[in-house]
Number of protein chains: 2
Amino acid sequence: MQDVSEPHPGLNGGNLQRESLQQQVFDNLRSAIMSGVFRPGEVLSSRGLAQQLGVSAMPVREALTRLTTEGVLQNTPSRTLRLRVLSPSDFDEITAIRFEIEGMAAERACGAMTTADLAEIRALNDALTAAASSGDADHYLKANADYHAAIYRVSGWPLLVGMIERLWLMVGPSIRMSVPDRAHMATSQEFHDQIMTALDARDGKTVRAAIVDDISTAARDIRASLAPEAAHPQMKEE
Amino acid sequence: MQDVSEPHPGLNGGNLQRESLQQQVFDNLRSAIMSGVFRPGEVLSSRGLAQQLGVSAMPVREALTRLTTEGVLQNTPSRTLRLRVLSPSDFDEITAIRFEIEGMAAERACGAMTTADLAEIRALNDALTAAASSGDADHYLKANADYHAAIYRVSGWPLLVGMIERLWLMVGPSIRMSVPDRAHMATSQEFHDQIMTALDARDGKTVRAAIVDDISTAARDIRASLAPEAAHPQMKEE
DNA sequence: ATCGTTGATCTGAGATCGCAGATTGCAGTT
DNA sequence: AACTGCAATCTGCGATCTCAGATCAACGAT
């Protein structure tokens with residue numbers, strides 16, 4: 001440990017970017033899953049992905065292990081790894097948790113929000129509106145995720161944001177299966193406008209309520225598209 | 001996929017228990033961390049632990065990777081892995097999240113609780129009382145964890161329980177550093193009795209409030225024992 | 001005595017090899 | 001035609017080897 005005393009201003013230390021390969025693979029897979037590249041129930045094999053990504057099997061393997069720990073992947077009886085298939089009750093549980101912790105994050109963010117934060121979020125809301133009017137589902141979902149993430153980040157609670165991200169990761173594949181239509185985007189936009197107004201007024205309780213409403217209405221569409229609870233447990237995909 | 005139709009009654013299929021080595025190591029380390037075997041900031045090396053556990057470095061390495069993903073371990077600048085050191089603000093964040101989701105779990109558990117569940121929890125509360133009067137801190141902390149976990153499990157929401165477990169895992173080492181004294185155990189017991197009474201009355205809101213009070217008072221002691229926020233970032237443990 | 005250098009040794013990370021279990025598909029038999 | 005059995009192939013998991021970076025201790029020059 002050296003006597004560093006004070007970092008020299010204008011000299012940015014270790015921004016030379018040294019990122020482990022497994023971390024890159026992990027982030028890569030994470031964003032792919034989040035944006036619905038893979039379908040629920042799809043089998044992910046370390047060797048197969050390694051070949052696709054042009055890396056050895058080792059980093060992929062550890063990335064898959066990490067995703068399994070996060071509950072995004074599941075071990076099958078035959079020991080292969082597949083994307084978790086959310087049952088309706090799984091989805092209900094996740095949605096209920098999202099009410100609680102996303103509402104919490106939004107309410108706290110409201111209290112901590114600077115005018116700069118607010119301007120950034122307003123810009124993201126505008127981008128979201130534009131994406132909605134374009135009708136491109138992928139673009140819309142991305143903008144929606146960015147918008148929500150920006151709000152939660154203002155809470156200043158990284159652990160909470162991480163927990164929210166993991167929940168989004170779990171519902172990601174299912175969200176992508178039920179592509180939002182324009183009607184959905186329109187109703188959602190109402191809530192987003194409510195959120196902006198409440199943020200302007202620094203009204204935390206209302207922000208929280210609007211967030212919960214937003215999640216709730218979106219969840220209704222997604223839930224309807226889920227495969228019904230398996231009475232006879234059977235599998236047949238991919 | 002065979003035509004299994006109906007499982008033969010009296011023949012329990014695959015309960016032959018085959019658990020991967022890395023899973024065993026992971027569970028092992030997890031419970032060790034939870035019970036405070038390691039101190040905050042302590043360095044965990046894959047080779048070192050592998051030797052202690054009598055296994056190869058490989059499964060330990062993946063277990064450590066998983067713990068890093070869970071935020072229990074941290075990568076140091078020198079790329080070694082160390083147990084996360086909670087700053088007071090980290091701890092405040094975790095405590096606030098615990099209010100929300102443990103309160104949520106307890107409230108929902110109250111609504112879903114059967115008489116059998118209630119009897120089990122009462123037994124664990126009695127065991128906790130006994131542990132408190134014995135004065136053995138390790139025993140007490142274990143009984144306390146079992147008691148809370150049993151309540152949350154009744155909520156029937158495994159994801160939520162998993163999230164709570166992860167939070168406990170993060171505060172585990174810090175909890176163990178501030179050994180609870182008999183005065184703390186006594187005040188905590190008051191809240192546990194409140195919880196039992198409210199559970200009896202199926203009064204979810206009161207259960208939630210009592211859980212929050214329990215967490216809050218315990219957190220006050222723990223927080224006081226944390227190393228103050230590092231103004232000059234320096235490390236010197238181990 | 002102090003500073004700088006160097007070499008031994010620790011670390012995580014990646015690659016590669018091998019193993020056991022599971023699945024699949026192609027025979028070969030009845 | 002239907003079932004059985006075997007071999008090829010896929011899977012995850014573990015062990016081992018290697019490498020680059022970091023730490024630390026001993027050493028040597030000033």
Side-chain angles (χ1 to χ4, degrees), chain A residues 1-4 13-29 38 41-70 72-84 234-238, chain B residues 1-5 13-29 38 41-69 72-84 234-238:
Chain A
M1 195 55 37
Q2 247 151 329
D3 184 358
V4 144
N15 294 10
L16 306 177
Q17 162 178 353
R18 216 161 14 97
E19 209 175 349
S20 84
L21 200 47
Q22 77 166 258
Q23 183 66 39
Q24 297 180 42
V25 173
F26 180 70
D27 294 338
N28 195 323
L29 288 179
F38 304 104
E42 191 166 343
V43 172
L44 302 188
S45 82
S46 60
R47 292 198 242 263
L49 286 173
Q51 197 167 3
Q52 289 186 34
L53 296 174
V55 299
S56 123
M58 197 63 193
V60 180
R61 170 176 160 183
E62 306 217 24
L64 293 181
T65 305
R66 293 171 68 176
L67 288 171
T68 305
T69 308
E70 289 200 332
V72 183
L73 299 181
Q74 267 182 333
N75 271 315
T76 64
S78 64
R79 281 195 353 220
T80 62
L81 292 176
R82 68 189 327 155
L83 253 184
R84 173 172 194 151
Q234 64 182 13
M235 46 194 69
K236 61 170 181 193
E237 20 243 318
E238 189 60 8
Chain B
M1 193 58 38
Q2 247 152 329
D3 183 359
V4 142
S5 68
N15 294 10
L16 305 177
Q17 163 178 352
R18 219 160 12 97
E19 210 175 349
S20 86
L21 199 49
Q22 77 167 255
Q23 183 66 41
Q24 296 178 43
V25 172
F26 180 68
D27 294 338
N28 194 326
L29 288 179
F38 305 103
E42 189 167 346
V43 172
L44 303 188
S45 83
S46 59
R47 290 195 239 266
L49 287 173
Q51 197 167 2
Q52 289 186 34
L53 296 173
V55 298
S56 126
M58 195 66 192
V60 179
R61 170 176 159 183
E62 306 218 23
L64 293 180
T65 304
R66 294 170 68 176
L67 288 170
T68 306
T69 308
V72 183
L73 299 181
Q74 266 181 333
N75 270 315
T76 65
S78 64
R79 283 197 347 224
T80 62
L81 292 177
R82 66 189 328 153
L83 252 183
R84 174 172 193 152
Q234 64 181 15
M235 44 195 69
K236 61 167 185 197
E237 19 244 319
E238 183 63 4

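In what follows, chains are A, B, ... by sequence order, proteins preceding strands, each numbered from 1.
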What does the B/S/- profile of nucleotides 11-20 of chain D look like, 5' to 3', with a 4.0 Å heavy-atom cutoff to protein?
BBBBBB---B
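In this structure, CZ of A/R82 is placed 19 Å from P of D/dC10, rounded to the nearest angstrom.
Within a 6.0 Å sphere centred on CD of A/Q51, other residues, nucleotides and ligands contribute 12 heavy atoms or fewer.
Using a 3.5 Å distance cut-off with no hydrogens or angles, the side chains of A/Q23 and A/D27 do pair a donor with an acceptor.
Residues meeting the side chain to side chain donor-acceptor pair (under 3.5 Å) test with B/S56, sequence neighbours left out: none.
Panel note: side chain B/R82, backbone B/G41; a donor-acceptor pair is recorded below 3.5 Å.
Here the closest heavy-atom approach between residue B/S46 and residue B/A57 is recorded as CB-O, 4.4 Å.
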